[in-house]
Structure formats: structure tokens, C-alpha cells
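Reading through the C-alpha cells given below for one structure.
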Amino acid sequence: MFNSSRSLISGFVLIFACVALSTNVVFSQVEVEIIADEGAKIPITIVPFDGDSDLGLKVAEIITSDLLKTGIFASRSVDFSWGGRSKLAPDEYGIWTDRGTQNLVLGQFERGQDGRIEVSFRLYDIPGQQQTIGFKVKDDPRQLRQVAHYFADLIYEKLTGEPGVFRTKLTYVVRSKERSSLVIADSDGHNAREIFGTAEPILSPRWSPNGKHIAFVSFMNRKAAVYVVSVDPKSGKALGEPEIIGPYRGSNSAPAWSKDGKSLALSVSQNGRSDIYLVSMVDRAFRPLTNHQSINTEPTFSSDGESVIFTSDRTGRPNIYSIPVSGGKELRLTYSGRYNASAKSSHDGDFLVLIHNDGAGFNVATHDLKSGVTQILTNGSLDQSPSIAPNGRIIVYASEQSGRGILRFVSKNGRSKARYSGSFGELREPSWGPLIND
Amino acid sequence: MKYKVILVVVFSFLFVGCSNKTKTSAEIEQRELFDQSNRSAFDAGQDADQLGANDEELRAQQEELRRELEREEQRLLEEQARGQDNSEQIARSEVDAASIRDQLNEKGSLLAERSIFYEFDSSIIRAEYRPIVEAHGKFLATNPEVKVRLEGNCDDRGSREYNLSLGQSRADQLKEALVLLGANPAQIDVVSYGAERPVSFGVDEASRAKNRRSDIVYSY
């Protein structure tokens with residue numbers, strides 16, 4: 001919807017975005033909170049946007065929490081007397097230098113005759129005494145969150161040189177007493193929309209690399225089975241009903257997409273063991289990858305696509321292993337702690353995120369593949385299902401608060417934590433979607 | 001395979017430790033457990049190899065599985081529809097069913113115990129549940145028309161996917177024990193719910209222990 005924008009982020013660009021309305025937002029009344037913000041680096045101040053005090057504050061808050069989640073920004077306090085300003089005069093840079101910020105965002109709302117809003121922002125480089133981005137979009141007021149995420153991406157990309165992930169999507173499961181909903185939501189968990197619902201549990205949703213399919217596990221006649229549903233990655237809507245893969249004899253679970261999206265790895269359990277198999281999504285050819293009398297599950301492809309990383313309890317406790325996709329020698333990757341599971345590889349292949357237990361809780365940890373060092377990032381007791389943002393900066397995972405399932409975010413460097421709890425049900429099994437090119 | 005043999009040995013050892021039987025008969029059963037487990041592990045390995053070798057066969061197997069599931073659904077629907085039917089045949093099978101129900105539900109009997117419980121991250125059948133497993137194995141052997149579903153469950157700690165496999169492993173190993181005790185494999189269906197269907201919702205150990213279990217669910 002925001003075509004041709006990335007190359008034009010300096011100067012003042014006017015875009016009239018005509019957006020098909022997303023209606024039927026299922027879950028509302030949600031919260032995001034930055035719990036910790038220690039030792040972060042890039043100081044930034046986002047002033048509430050001028051023109052509408054409620055919406056202006058909301059946009060500033062969304063942009064701020066997006067940026068803070070990465071763990072590489074530090075928010076400098078907002079002076080509300082600046083809420084009526086949308087531009088910085090040349091003689092005002094010194095005021096912000098004194099306040100210790102290096103980057104300042106001012107913005108503005110205007111309501112058009114057609115009921116739409118024009119939202120604009122300017123990013124100022126305080127030490128350099130210049131405006132580095134000026135940007136305006138025209139949109140439906142209900143798209144305000146998307147607009148804010150878009151602005152956050154533009155600011156993030158300008159200041160870090162890395163791709164922003166705030167307009168990507170999450171999929172996760174909302175479990176209530178009678179129903180499981182598989183939803184697609186914004187990258188911060190908001191705007192969840194159901195794409196599939198069932199009375200049975202749903203586990204392990206996984207996006208295909210092009211964002212057009214989601215594989216997941218549910219139950220048919222009491223047996224775990226793998227399904228694939230087609231989705232529109234931009235609107236977040238399902239395109240048709242889920243299709244069952246297989247089923248293969250035994251319990252079928254833990255789907256993972258290959259890097260080219262042409263095959264699925266999955267785990268099939270029977271006769272007291274679970275093994276990993278590869279299924280071609282082109283011709284449904286099916287072949288075993290592991291062959292070991294133990295639990296072998298949670299396959300995930302390495303960043304180069306050449307090997308499959310998985311969980312096995314072959315030594316008596318779960319640990320992480322890898323095996324070439326063509327088969328061959330298996331390599332044990334984790335040795336520390338009592339329990340290592342649910343590994344995912346970072347996109348650069350430098351580290352894994354996984355669930356680690358060292359005797360206390362089950363926590364999200366990073367495992368550096370070069371040094372072999374495991375670093376625990378969280379302090380919950382029952383963390384599950386970590387998934388890494390496509391730029392490797394943020395990890396989303398399932399956790400709990402007062403016994404209820406919620407989503408939490410932790411930056412890869414461990415310096416920033418946030419949480420998101422929906423309005424009802426248990427939130428589980430988050431999976432971060434890919435970057436989708438405009 | 002080595003892993004499984006070790007499990008079986010541990011299993012047998014525990015069994016000897018608590019059994020009231022004479023040592024000799026226990027030893028004989030121990031040997032049987034050991035030999036047959038070896039064979040079943042070997043068979044499982046062969047199955048896996050064949051899967052890769054013949055896609056056509058696999059597709060046929062999948063089709064068959066799908067048809068099986070459909071037939072099962074159809075059968076359940078028909079059964080429901082027949083609910084009020086009073087034919088003689090049904091009356092007779094009701095008598096049989098009543099007798100089976102009575103045996104299974106006899107107060108204080110081992111057969112009335114339908115759950116066995118596990119240590120965290122373990123699918124080894126603990127010694128104290130051995131008499132229950134034996135009672136159900138013998139019951140299935142003497143009532144070959146009776147069908148049973150074994151449902152493996154786990155507590156909420158750790159990975160949901162790993163727990164799904166662990167629950168399957170629990171139920172699979174229980175099936176193996178029942179078969180070694182004389183049940184026909186065709187009588188037994190095995191499923192895993194992982195950590196998805198807890199019966200107890202507390203976060204204390206006593207509550208979690210109740211969720212680390214295999215349930216024995218009869219249909220007759």
C-alpha cells in the first residue's frame with residue numbers, strides 16, 4: 001500500500017494511500033508495555049503529534065514502543081508543551097541538544113473532507129542540525145496503527161541501515177475454553193484476525209518464506225495432524241480452507257518450511273519414537289531424515305537451508321542437534337542446562353534462540369553458534385515457542401501473567417522487554433512472519 | 001535401539017523390584033519383554049526405510065488412513081443414529097457390554113484404575129503402576145472384542161511440540177507393555193494430546209503430576 005516509498009525517505013514525500021479497509025477486527029482492548037529499557041544506545045524523542053491530542057499521543061506511543069522493543073534505542077522523555085508543534089525552527093536545535101536527545105520526531109494530523117486523515121512526520125538529526133525525513137500519508141483513521149508502524153520502520157531504517165520489521169505480521173493461537181483461533185496480527189500483537197478456528201488445540205503455526213502459507217498442527221479424530229492454509233500476507237486473510245498434509249501413520253506435528261518454501265520438515269511419532277521427515281510440497285514425495293530410537297522433533301532449517309536443526313532426547317534429555325538435509329552425520333549443538341528445545345536459527349546463521357532450563361525456569365535464551373555460549377534473556381518460569389523477527393533484533397515468545405497465556409517480546413540483546421495480552425483467552429505459539437516487499 | 005533396550009531393562013528391573021510373584025516367573029517374563037522389544041524396535045526401523053523407498057506405497061497408505069478415518073467417522077455417526085434401536089442383536093451386545101462394564105468398574109479392582117503417572121520428561125512406567133498395567137493387559141487378552149485407546153499426556157513445562165512427542169512415547173510404551181502381556185495390537189489405538197488437555201490446572205507439583213499420565217479409555 002505504500003509503494004515506492006523506501007527510496008524516497010529524504011525530502012518531503014506526499015503519498016495518498018488508498019487502503020482497502022480491514023474490518024472484522026476480532027480482538028481489541030490490548031496492551032503493550034515496555035518493562036525494561038536498560039543500556040540502550042540511540043537516544044530518540046518522539047513528541048505527541050499535533051492536531052489531535054488523543055490520536056497524536058497514540059501514534060507517538062506506538063512508534064516509541066516499536067523502536068524500544070529492538071533494545072537499541074533509548075527514549076528521552078517527552079515534553080508535552082511541544083505537543084502543539086510539527087516543525088523545528090533552525091534556532092531550536094540547541095534546546096534538544098541540552099535535553100540529551102540526538103533524534104527528534106515531530107508530527108501532525110489533519111482531517112480531510114472525505115473523513116480520511118493526513119498524517120505527517122519529520123525526523124530531525126539534532127547534532128547534525130538537519131531534517132533527515134519528512135513524510136506524509138493519507139489514510140482511513142482506522143489504519144492509524146499501520147501508519148504508526150510504517151513511520152517506525154522508516155525511522156528505524158534511516159537510523160540503523162537495517163530493515164524494519166514493524167509492518168510484518170505475527171501469527172499466533174488464541175485458546176479459550178471451547179475454541180482455538182489461529183490469528184494473524186500486527187507485529188506488536190494488535191489487530192488479531194482469525195484465519196481458522198476449531199474446538200481442538202492448535203500448535204506450531206509457521207509462515208512460509210513468501211508469507212503466502214501458514215503450516216500448523218491441529219487434531220483430527222484425536223490424532224495430531226499437519227495442515228497448510230493459504231493466506232494473503234498483506235491483508236492477513238485466509239484464502240480458503242486448511243489442507244491436511246499426509247496424514248502419515250502416527251502423530252504428525254512440528255512443521256517447518258525449507259528456505260525455498262518447496263518442502264516441509266515435520267515430525268512423525270509412532271512405535272515409541274519420533275522421527276523427522278521431509279515432504280515435498282511440489283509432488284508430496286516423503287522421505288525420512290532422522291532414524292533414531294528416541295524423540296526427534298521441532299525441525300527448523302538452518303539459515304543457509306543446508307541443514308535441519310532439531311530437538312532430540314537421545315541422551316535422555318532434550319538437546320539441539322543438526323543434520324544435513326541430504327542426510328548424514330548428526331551434530332549435537334547444545335550441552336549446557338537440563339533442557340534445550342524449540343530452537344530457531346537467526347537469519348544470518350550466527351545464533352539460535354531456544355527454550356533453556358538450567359534448573360530454575362524454562363526461559364528464552366540465545367545460543368551463539370560460534371562460541372557455543374548460551375545466554376538466558378528472560379526470567380519467566382514457563383516461556384515457550386520463541387520466534388525471531390526477520391531482522392534478528394526482537395524475539396516474540398509465549399509466556400504467562402497471573403496464570404494466563406500472553407505474548408512477550410525481548411530484544412536479542414536482552415535490554416528491552418515488552419508484553420502483549422489480548423482481551424480474552426490464552427495467547428500461545430507466536431510465529432513471526434517474513435518481510436514482505438511492497 | 002540401544003536406548004530402548006536400556007529402558008526395557010530398567011522397566012523390567014523395577015518390575016522385579018515390586019512384583020509379588022515368585023522370582024522364576026518374573027525372570028521368564030523379563031526375558032520375554034527383552035526379546036520382543038528388541039524385535040519390535042527392529043521392525044520399526046525397517047518400516048522407516050521402506051517409507052523412503054516407495055512413495056507410491058506411502059500414498060496408498062495415506063489414502064487408506066484417510067479412508068480409515070472417514071469410515072470411523074461414518075461408523076460413529078451410524079452408531080449415534082442407531083442409538084434407540086431395540087433389535088435382538090443389540091440387546092445381546094448390551095448384555096456383553098454390561099458384563100464388561102461391570103468387570104472394568106468393579107470398585108477397588110485394578111481394572112477400575114485407568115491412569116498411570118510419570119516422572120517429568122520420562123515415559124518409563126513406574127513400578128507402582130505395574131499391577132495396573134498387568135490387569136489391563138490380561139483383560140484385553142481375555143476379551144479380544146474389547147477396544148482401548150491409550151491417551152498420552154504431559155504437564156505444561158517445556159516445549160509443546162516436545163510434549164506431543166513425549167505423550168506419544170508414553171502411550172506407545174504402554175501399548176507395548178499391554179501387547180507383551182497378551183493384548184492384540186489391533187485392539188489398541190494410541191494418541192497423544194501432549195500438554196493440550198490438562199485435567200489439573202494448578203502450577204504446583206501435585207497438580208502437574210496429575211497431568212503427566214496415560215489414560216486407558218475403553219470402548220465396548
Side-chain angles (χ1 to χ4, degrees), chain A residues 175 200-201 203-204 217 219-224 244 246-251 253-254 267-275 277 283-288 290-298 311 313-318 338-339 341-342 355 357 361-362 381-382 384-385 398 400 403 428-429, chain B residues 1-7 37 40-41 43-45 47-49 51-53 55 58-59 61-62 64-66 68-69 72-73 76 121-123 149 151-152 156-173 175-176 189-197 201-203:
Chain A
R175 177 71 181 166
E200 298 288 342
L203 291 84
S204 306
V217 175
F219 291 77
M220 184 165 84
N221 290 344
R222 298 197 168 85
K223 302 216 180 197
I244 194 163
Y248 308 100
R249 195 170 286 281
S251 172
S253 68
S267 178
V268 177
S269 301
Q270 60 169 347
N271 302 329
R273 55 190 276 172
S274 309
D275 276 303
Y277 292 77
D283 61 8
R284 296 293 155 94
F286 183 72
R287 70 179 170 92
T290 63
N291 181 8
H292 198 281
Q293 181 62 45
S294 59
I295 290 174
N296 298 280
T297 187
E298 300 188 307
T311 306
D313 75 336
R314 58 189 62 188
T315 57
R317 283 174 175 167
R338 297 180 178 184
Y339 194 107
S342 308
I355 293 299
N357 172 249
F362 290 79
S381 60
L382 277 178
Q384 292 177 323
S385 310
E400 50 157 31
R428 298 174 172 178
E429 304 286 281
Chain B
M1 197 191 301
K2 206 179 259 173
Y3 181 55
K4 174 165 232 170
V5 171
I6 292 165
L7 279 184
S37 304
S40 72
D43 289 346
D47 287 348
D49 290 339
L51 284 179
D55 288 340
L58 183 78
R59 248 188 283 271
Q61 197 191 59
Q62 275 172 26
E64 179 55 32
L65 252 177
R66 224 180 263 136
E68 225 172 79
L69 290 168
E72 175 70 9
E73 227 163 322
L76 287 170
D121 193 22
S122 165
S123 48
R149 184 175 63 246
E151 303 175 343
D156 59 349
R157 289 176 294 169
S159 145
R160 286 185 186 280
E161 278 290 352
Y162 181 81
N163 281 333
L164 203 54
S165 288
L166 181 62
Q168 183 77 23
S169 176
R170 284 174 176 167
D172 279 341
Q173 294 201 28
K175 175 181 177 179
E176 193 175 300
D189 190 20
V190 170
V191 301
S192 172
Y193 300 140
E196 307 305 317
R197 294 197 183 185
F201 294 87
V203 294

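Within every chain, numbering begins at 1; the chains are lettered A, B, ... in the order of the sequence lines, protein sequences first and strands thereafter.
- For A:R175, no part lies under 4.5 angstrom from a heavy atom of chain B.
- Chain B forms the most heavy-atom pairs under 4.5 Å with one residue out of A:S274, A:G246, A:S342, and that residue is A:G246.
- Between A:Y248 and A:F286, the ring centre distance stays below 6.0 Å.
- The most heavy-atom pairs under 4.5 Å with chain B, out of A:A224, A:G250, A:A254, come from A:A254.
- In terms of modelled atom types and a separation under 3.5 Å, the side chain of A:D275 and the main chain of A:H292 share a donor-acceptor contact.
- If you measure heavy-atom distances from A:S253 to chain B, the contacts under 4.5 Å come from both the backbone and the side chain.
- With a 4.5 Å cut-off on non-hydrogen atoms, B:D189 touches chain A through its side chain but not through its backbone.
- Between chain A and the options B:S169, B:S192, B:G158, B:G167, heavy-atom pairs under 4.5 Å are most frequent for B:G158.
- Side-chain atoms of B:R170 come within 3.5 Å of backbone N or O of B:S122 as a donor-acceptor pair.
- The most heavy-atom pairs under 4.5 Å with chain A, out of B:D156, B:V190, B:D172, come from B:D172.
- No part of A:I355 comes within reach of chain B, as not one of its non-hydrogen atoms sits under 4.5 angstrom from that chain.
- When atom types are taken as modelled, the side chain of B:Q168 and the backbone of B:V191 share no donor-acceptor pair closer than 3.5 angstrom.
- Residue A:N296 does not touch chain B at all, counting heavy-atom pairs closer than 4.5 Å.
- Side-chain contact between A:P318 and B:S159 is absent, with no heavy atoms from C-beta onward closer than 4.5 Å.
- For A:V217, the part lying near chain B is the side chain, with the backbone staying farther off; criterion is any non-hydrogen pair under 4.5 Å.
- Residues B:R197 and A:E200 are paired through a salt bridge, judged by an N-O separation under 4.0 Å between the basic side chain and the carboxylate.
- In this structure, the ring pair (Phe, Tyr, Trp, His ring centres under 6.0 Å) partners of A:Y339, at least two apart in sequence or on a different chain, are A:F362, B:Y162.
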